[in-house]
Undergrad: 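Handing you a structure now.
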Amino acid sequence: MKLIEWNESLSVSVDSFDMEHKELIKMINEFNSSEKSKIDKIFEILDGLIHYSDFHFKNEERFMKQSNYKFYEEHKAQHERFISTINKLKKQYIEGRPFVYTKINRLLKTWLIEHIKKCDKKYAEHLIKTYKH
Ligand code: FEO
């Protein structure tokens, strides 16, 4: 079962970022549907997710900085907190705390949806205004 389904309410109206969000959602769903017993596979997906999140965040940050977005630092800090939390949870998982799997799933779902709706949409509006003139 899919944990998250992309729909128009998640669109930031910037195609490249919508595509990257869709890719992140795909990876989150893959993590959610992976068999808990296949530890190597779980870590492979999680590492891919961390790596792709970092790539996506840097893309957004580049545009925010170039366009002098006033909430750039705040937004960047959110990205950094997410990466740091997910790495911390991954470490706990490696140390043998299986309940962390559920915690990771919950974080992936709630954080991404909220972040897109509350923060990404805000910078996207700014980008659209800035580059349409
Ligand atoms: Fe799409 Fe700010 O992450």
Side-chain angles (χ1 to χ4, degrees):
M1 194 188 88
K2 285 184 180 174
L3 190 66
I4 316 175
E5 291 267 13
W6 191 90
N7 61 56
E8 280 303 317
S9 76
L10 293 174
S11 174
V12 295
S13 306
V14 177
D15 288 348
S16 61
F17 293 138
D18 277 349
M19 269 173 52
E20 290 176 9
H21 288 148
K22 283 178 191 171
E23 187 60 30
L24 278 173
I25 287 172
K26 199 173 105 191
M27 293 169 111
I28 290 171
N29 285 330
E30 202 185 339
F31 179 80
N32 178 57
S33 60
S34 58
E35 265 185 61
K36 282 188 208 160
S37 58
K38 296 191 174 160
I39 297 291
D40 288 350
K41 183 71 186 162
I42 285 179
F43 284 121
E44 190 189 311
I45 299 169
L46 199 53
D47 282 339
L49 194 58
I50 293 169
H51 186 262
Y52 194 81
S53 299
D54 191 51
F55 161 79
H56 166 64
F57 294 160
K58 286 197 167 81
N59 284 342
E60 285 186 346
E61 288 161 15
R62 198 173 54 249
F63 273 95
M64 282 189 265
K65 198 169 173 95
Q66 277 170 2
S67 62
N68 295 317
Y69 181 52
K70 67 176 172 180
F71 300 111
Y72 166 75
E73 291 294 343
E74 222 173 290
H75 197 128
K76 189 170 180 274
Q78 280 213 21
H79 288 163
E80 286 167 355
R81 266 199 303 276
F82 174 78
I83 295 284
S84 145
T85 307
I86 204 87
N87 273 317
K88 200 173 75 194
L89 290 171
K90 184 187 149 193
K91 193 168 166 275
Q92 290 176 356
Y93 201 18
I94 292 171
E95 286 165 353
R97 293 184 241 181
F99 63 88
V100 171
Y101 179 86
T102 313
K103 240 175 158 177
I104 295 174
N105 250 332
R106 205 178 312 131
L107 172 80
L108 292 175
K109 181 184 175 184
T110 53
W111 188 87
L112 186 69
I113 299 290
E114 280 218 13
H115 181 77
I116 293 176
K117 287 188 170 176
K118 290 187 181 160
C119 305
D120 286 353
K121 280 186 182 236
K122 220 158 95 178
Y123 86 74
E125 267 175 38
H126 161 80
L127 282 187
I128 291 165
K129 272 189 213 150
T130 306
Y131 291 109
K132 273 202 170 161
H133 292 295

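This one's a predicted model, so the numbers in the text were calculated from it and none came from an experiment.
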Undergrad: For H115, check side chain to side chain donor-acceptor pair (under 3.5 Å) against everything at least two apart and list the hits.
TA: H75, Q78, H79, D120
Undergrad: Run the side chain to side chain donor-acceptor pair (under 3.5 Å) test against K70 and tell me which residues pass, sequence neighbours left out.
TA: none
Undergrad: Excluding sequence neighbours, so at least two apart, what forms side-chain contact (heavy atoms from CB on, under 4.5 Å) with E73?
TA: none
Undergrad: Which residues satisfy the ring pair (Phe, Tyr, Trp, His ring centres under 6.0 Å) test with Y69, sequence neighbours excluded?
TA: F71, H126
Undergrad: Taking the six-membered ring where the residue is Trp, are the ring centres of Y123 and F63 under 6.0 Å apart?
TA: no
Undergrad: Check side chain to side chain donor-acceptor pair (under 3.5 Å) between E125 and all other residues, then give those that pass, not counting sequence neighbours.
TA: none
Undergrad: Going by side chain to side chain donor-acceptor pair (under 3.5 Å), name the pairs with one or both residues in residues 40-49, residues two or more places apart or in two chains.
TA: D47-K90
Undergrad: Listed by chain and number, what are the salt bridge (Lys or Arg N to Asp or Glu O under 4.0 Å) partners of K103, not counting sequence neighbours?
TA: none
Undergrad: Does N7 have any side chain to side chain donor-acceptor pair (under 3.5 Å) partners at least two apart in sequence or in another chain, and if so, which?
TA: S9
Undergrad: Go through the structure and list residues passing salt bridge (Lys or Arg N to Asp or Glu O under 4.0 Å) with K117, not counting sequence neighbours.
TA: none
Undergrad: Got a sec, which residues hit ring pair (Phe, Tyr, Trp, His ring centres under 6.0 Å) with H21, two or more places apart in sequence or on another chain?
TA: H56
Undergrad: Could I get the full list of ring pair (Phe, Tyr, Trp, His ring centres under 6.0 Å) partners for Y93, not counting sequence neighbours?
TA: F43
Undergrad: Could I get the full list of salt bridge (Lys or Arg N to Asp or Glu O under 4.0 Å) partners for K26, not counting sequence neighbours?
TA: E23
Undergrad: So does D18 pair up with K22, basic N to acidic O under 4.0 Å?
TA: no
Undergrad: Side-chain heavy atoms under 4.5 angstrom apart, residues restricted to Ile, Leu, Val, Met, Phe, Trp, Tyr: same cluster for I39 and Y101?
TA: yes
